[in-house]
2 protein chains.
Amino acid sequence: MARSTNTRFAVAVHVLTYLAGDTGDRPVSSDELSTSTNVNPVHVRRVLGPLREAGLVRSRPGVHGGWELAVDAADVTLARIWRLLQGDDQVLGLHGPNPTCEVGRDVQESLTALDRVVADAVATELARFTVHDVLTRAVPKPL
Amino acid sequence: MARSTNTRFAVAVHVLTYLAGDTGDRPVSSDELSTSTNVNPVHVRRVLGPLREAGLVRSRPGVHGGWELAVDAADVTLARIWRLLQGDDQVLGLHGPNPTCEVGRDVQESLTALDRVVADAVATELARFTVHDVLTRAVPKPL
DNA sequence: CAATTCGTAATCGTCATGGTTGCGGATTGC
DNA sequence: GCAATCCGCAACCATGACGATTACGAATTG
């Protein structure tokens, strides 16, 4: 997959965990979330957009507006977040095909199939954990 | 992992498969390989560099120079190619931490640990196939 | 009505990736 | 020896993804 220069998944997990751990009654503003995640408020909103469409979070404008979880944190697997943000992006990355090369076509097909296998494996791993697991640190520790 | 805008792995698999299927005695030039893969000859050499250092391929300058496999295609797993080219790049991607936020630190740790789990899963899948498998199309077909 | 906060578009800087060129060195064959 | 071929490598450029930033409008609260 190559270096991931994309922080959306990380920001999403962070924000959802933050919301899950928030005890207050009031929603949390993009500004507060952006401070916690160290990114831009606009970026936070852009990341949360798809999650709201999927019904994971709610947002309200206005004076005491902001964001709040719309579901139980234990019901949100990281795989779901991943799919919502990364969609069906390729994991492995392909190169421009050369139609005149038979070997090329075959390799392309194989790599495409392989990408699916690998993407499934990633999703499987991410499905083992939920936002609640992250909040309670029930996630594999580094070596 | 985010969109993979990196074609090195694909190019490497393509080239190695090409070399594995090449019946001639002579090495294959970067130029021929670049035509087959539809990328630049310089890029081909850049991709093959690490593979040569790992002993997977040989290269020779001069009139009938070029590239050839240095090992049996059945001994080269795709996971090995992946590791050589992607190294220890992160799969998931992280965001800039905010040291003053405790939730942030914990999430970072969890994501780092998670990245390792996911990367291992990717490697495991890729280890199931070799260059020879790709050559003989013994790789999962698309739906 | 003023303050707050989201929604969204537009613009910009940065960085990874790969393309392109150029030159030097190694090898082959005449 | 000399020309042709081909790798090695550095330098520079074009493209595109990603976020930061700014700006403005709409919704909500008090």
Side-chain angles (χ1 to χ4, degrees), chain A residues 1-12 14-15 19 24-35 37-53 57-68 70 85-87 89-98, chain B residues 1-12 14-15 19 24-35 37-53 57-68 70 85-87 89-98:
Chain A
M1 78 250 329
R3 162 168 289 115
S4 190
T5 172
N6 177 325
T7 66
R8 286 191 278 258
F9 174 72
V11 169
H14 187 140
V15 166
L19 291 177
D25 293 1
R26 311 216 169 286
V28 183
S29 72
S30 305
D31 221 52
E32 180 175 343
L33 293 172
S34 77
T35 301
T37 52
N38 210 27
V39 298
N40 199 281
V42 177
H43 190 217
V44 169
R45 287 195 280 263
R46 282 200 278 238
V47 167
L48 289 181
L51 305 187
R52 178 183 48 206
E53 288 172 23
V57 293
R58 269 188 300 267
S59 72
R60 269 175 21 205
V63 170
H64 286 131
W67 300 83
E68 48 191 1
L85 294 178
Q86 311 299 338
D89 285 356
Q90 282 168 3
V91 179
L92 299 180
L94 289 132
H95 56 300
N98 179 353
Chain B
M1 83 254 326
R3 160 166 293 112
S4 189
T5 172
N6 177 326
T7 65
R8 286 193 278 260
F9 175 72
V11 169
H14 187 141
V15 165
L19 291 177
D25 293 1
R26 309 217 171 285
V28 183
S29 72
S30 305
D31 221 51
E32 180 175 344
L33 293 174
S34 78
T35 300
T37 51
N38 211 28
V39 297
N40 201 281
V42 177
H43 190 217
V44 169
R45 288 195 278 263
R46 282 200 276 236
V47 168
L48 289 182
L51 304 187
R52 179 183 46 205
E53 288 172 23
V57 293
R58 267 188 302 266
S59 72
R60 268 176 20 205
V63 170
H64 285 131
W67 299 83
E68 49 191 0
L85 293 178
Q86 311 299 338
D89 285 357
Q90 283 169 3
V91 180
L92 301 179
L94 290 131
H95 55 300
N98 179 353

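Residue numbering restarts at 1 for every chain, and letters A, B, ... go by the order of the sequence lines. The figures here come from the full heavy-atom set of this structure, side chains too, leaving out hydrogens, waters and symmetry mates.
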Atom pair distance, as rounded to whole Å: [atom1] in [X] and [atom2] in [N]:
{"X": "A:D89", "N": "D:dG16", "atom1": "CG", "atom2": "P", "result": "17 Å"}
{"X": "A:L85", "N": "D:dC18", "atom1": "CG", "atom2": "P", "result": "12 Å"}
{"X": "B:E68", "N": "D:dC6", "atom1": "CD", "atom2": "C1'", "result": "14 Å"}
{"X": "A:H43", "N": "C:dC6", "atom1": "NE2", "atom2": "C1'", "result": "16 Å"}
{"X": "A:D31", "N": "C:dC6", "atom1": "CG", "atom2": "C1'", "result": "11 Å"}
{"X": "A:F9", "N": "D:dC18", "atom1": "CZ", "atom2": "P", "result": "15 Å"}
{"X": "A:R46", "N": "D:dC18", "atom1": "CZ", "atom2": "C1'", "result": "9 Å"}
{"X": "A:E53", "N": "C:dT8", "atom1": "CD", "atom2": "C1'", "result": "13 Å"}

How does protein contact run along nucleotides 22-30 of chain D, one letter per nucleotide 5' to 3', with B for base contact, S for sugar-phosphate only, - for none, heavy atoms under 4.0 Å? B----BBBS
Using side-chain heavy atoms (C-beta onward) and a distance below 4.5 Å, is [X] in contact with [Y]?
{"X": "A:V44", "Y": "A:S34", "result": "yes"}
{"X": "B:W67", "Y": "B:P27", "result": "no"}
{"X": "B:F9", "Y": "B:Q86", "result": "yes"}
{"X": "B:L85", "Y": "B:P50", "result": "yes"}

On DNA chain D, more 5' by nearest nucleotide between B:V28 and A:V39 is B:V28
Quick check: does any side chain N or O of B:T7 sit under 3.5 Å from a backbone N or O of B:A10, one acting as donor and the other as acceptor? no
How is A:R8 classified with respect to the nucleic acid when contacts are heavy atoms under 4.0 Å: base, sugar-phosphate, or nothing? sugar-phosphate
Looking at every strand, decide which applies to B:G66 at a 4.0 Å heavy-atom threshold: base, sugar-phosphate, or nothing. sugar-phosphate
OP1 or OP2 of [N] less than 4.0 angstrom from a side-chain nitrogen or oxygen of [X], does that happen here?
{"X": "B:N6", "N": "D:dA17", "result": "no"}
{"X": "A:S29", "N": "C:dT4", "result": "no"}
{"X": "B:T7", "N": "C:dG18", "result": "yes"}
{"X": "A:S30", "N": "C:dT5", "result": "no"}

Mind checking what makes side-chain contact (heavy atoms from CB on, under 4.5 Å) contact with B:V63, not counting sequence neighbours? none
Pairwise distance CZ(B:R8) to NE2(B:H43) - rounded to 0.5 angstrom: 6.0 Å
